[in-house]
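Since we're looking at a predicted model, the values are computed, not measured.
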Amino acid sequence: MISFYGGLTASIVVLTLFIGVGSHAARPAALDEALRAHGVLGPRLRRFAAVVVPFVEGALGVGGAIALLTGHQRGLQAVLAAGTALFGLYAGYTRHVLALGRGGPCGCSHQDVPLSRWVTRRAVALAGLALAGAVLAGAGPVQLSAGELLTLLLAAPACAVLLWSLPAAMHEPARAAVHRTAEGVSTRWTSPPAL
């Protein structure tokens, strides 16, 4: 059963990396805009990070997919170890930004999801999954029965999408308020998203 859990954690991490790359490709300027709004990095480092992070996500995703499909145990361990570092850095960065009392979008979605503790928690969860996958991949190659493979093919995408959607799902914008115009007509509006 270790091979199933190793395959599951590795697949969730690899799929999440691909979701991240797809999100950055859908709106390339989102990450740079988010880093600018956070106000932590200087202009040169901000531009560098906005270019390098999606590239690293893509390279790790491709490397992880190849390692999973070919059964290359050491390659998979290396990708998952690098994924642990990447997600760990992102968790530390978002925690630092939030500790400074700064906000803005998370920069990881084509939607304007605000930076929140849920973004940090997702990054911590992904770092933990990547670390667990690296440890489990070291125990032996992934060899699955037909039932385990089917379960993996259904569970990994579902878990990756749910984990990716966590910050947006947990976002709680201010409640809608009902106001009346001078003519007595009620209007609904919401205040800006709470950080």
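By the 4.5 Å heavy-atom criterion applied to side chains, V113 and P167 are counted as neighbours. Put simply, the side chain of E33 reaches to within 4.5 Å of the side chain of R27, judged on heavy atoms. By the 4.5 Å heavy-atom criterion applied to side chains, P43 and F48 are not counted as neighbours.
Of all heavy-atom pairs between S11 and L68, the closest is OG-CD1, 3.8 Å. Counting all heavy atoms, side chain and backbone alike, A127 lies closest to F87 at N-CB, 3.6 Å. A65 and F18 get closest at one heavy-atom pair: CB-CE1, 4.0 Å. Across P54 and V21, no two heavy atoms sit closer than the pair O-CG2, 3.7 Å. The two residues G133 and L80 have their closest heavy-atom pair at C-CD1, 3.3 Å. In terms of heavy atoms, P28 sits closest to A25 at CD-O, 3.6 Å.
Put simply, the side chain of R122 gets close to the backbone of W164: a donor and an acceptor are under 3.5 Å apart. Put simply, the side chain of E57 never gets that close to the backbone of L17: no donor and acceptor are under 3.5 Å apart. A donor-acceptor pair under 3.5 Å links the side-chain atoms of Q73 to the main chain of A137, judged by distance alone. Counting only distance, with no hydrogens or angles, the side chain of T94 and the backbone of A91 share a donor-acceptor pair below 3.5 Å. Side chain of T84 to main chain of L131: a donor-acceptor pair is present (N/O by atom type, distance under 3.5 Å, no hydrogens or angles). Judged by distance alone, with hydrogens and angles left aside, the side-chain atoms of H38 form a donor-acceptor pair with the main-chain N or O of A34 at under 3.5 Å. S23 places no side-chain N or O within donor-acceptor distance of the main-chain N or O of I19, the cut-off being under 3.5 Å.
No continuous path of ILVMFWY side-chain contacts below 4.5 Å connects L152 to L150, so the two sit in separate hydrophobic clusters. Note: the hydrophobic cluster containing V51 does not contain V56 (ILVMFWY, side chain heavy atoms under 4.5 Å, direct or indirect links). Cluster annotation: V161 is not connected to L154 through the hydrophobic network of ILVMFWY side chains, with a link wherever side-chain heavy atoms come within less than 4.5 Å. L86 and L89 fall into different hydrophobic clusters, where Ile, Leu, Val, Met, Phe, Trp and Tyr residues are linked whenever their side-chain heavy atoms come under 4.5 Å apart, directly or through other members. Cluster annotation: L163 and V13 are assigned to the same hydrophobic cluster (Ile/Leu/Val/Met/Phe/Trp/Tyr, side-chain heavy-atom contacts under 4.5 Å, transitive).
Using a 4.0 Å cut-off between charged side-chain N and carboxylate O, D32 and R47 make no salt bridge.
For the atom pair SG (C159) and CG (L129), the distance works out to 8.5 Å, reported to the nearest 0.5 Å. Taking OG1 of T151 as the reference point, atom CZ of F4 lies at 5.5 Å (rounded to 0.5 Å). Expressed to the nearest 0.5 Å, how far CZ of R121 lies from CG of L126 amounts to 14.5 Å. With rounding to the nearest 0.5 angstrom, the CG atom of L8 is 11.0 Å from the CD atom of E148. Taken from CD in Q77 to CG in L136, the straight-line distance is 10.0 Å, to the nearest 0.5 Å. Here L166 contributes atom CG and W118 contributes atom CH2; the two are 6.0 Å apart, rounded to the nearest 0.5 Å.
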CA sep, side-chain torsions, deciding dist, call: L45, L35, side chain to side chain contact (heavy atoms under 4.5 Å, CB included):
CA-CA 10 Å; L45 189 55; L35 294 173; over 6 Å; no
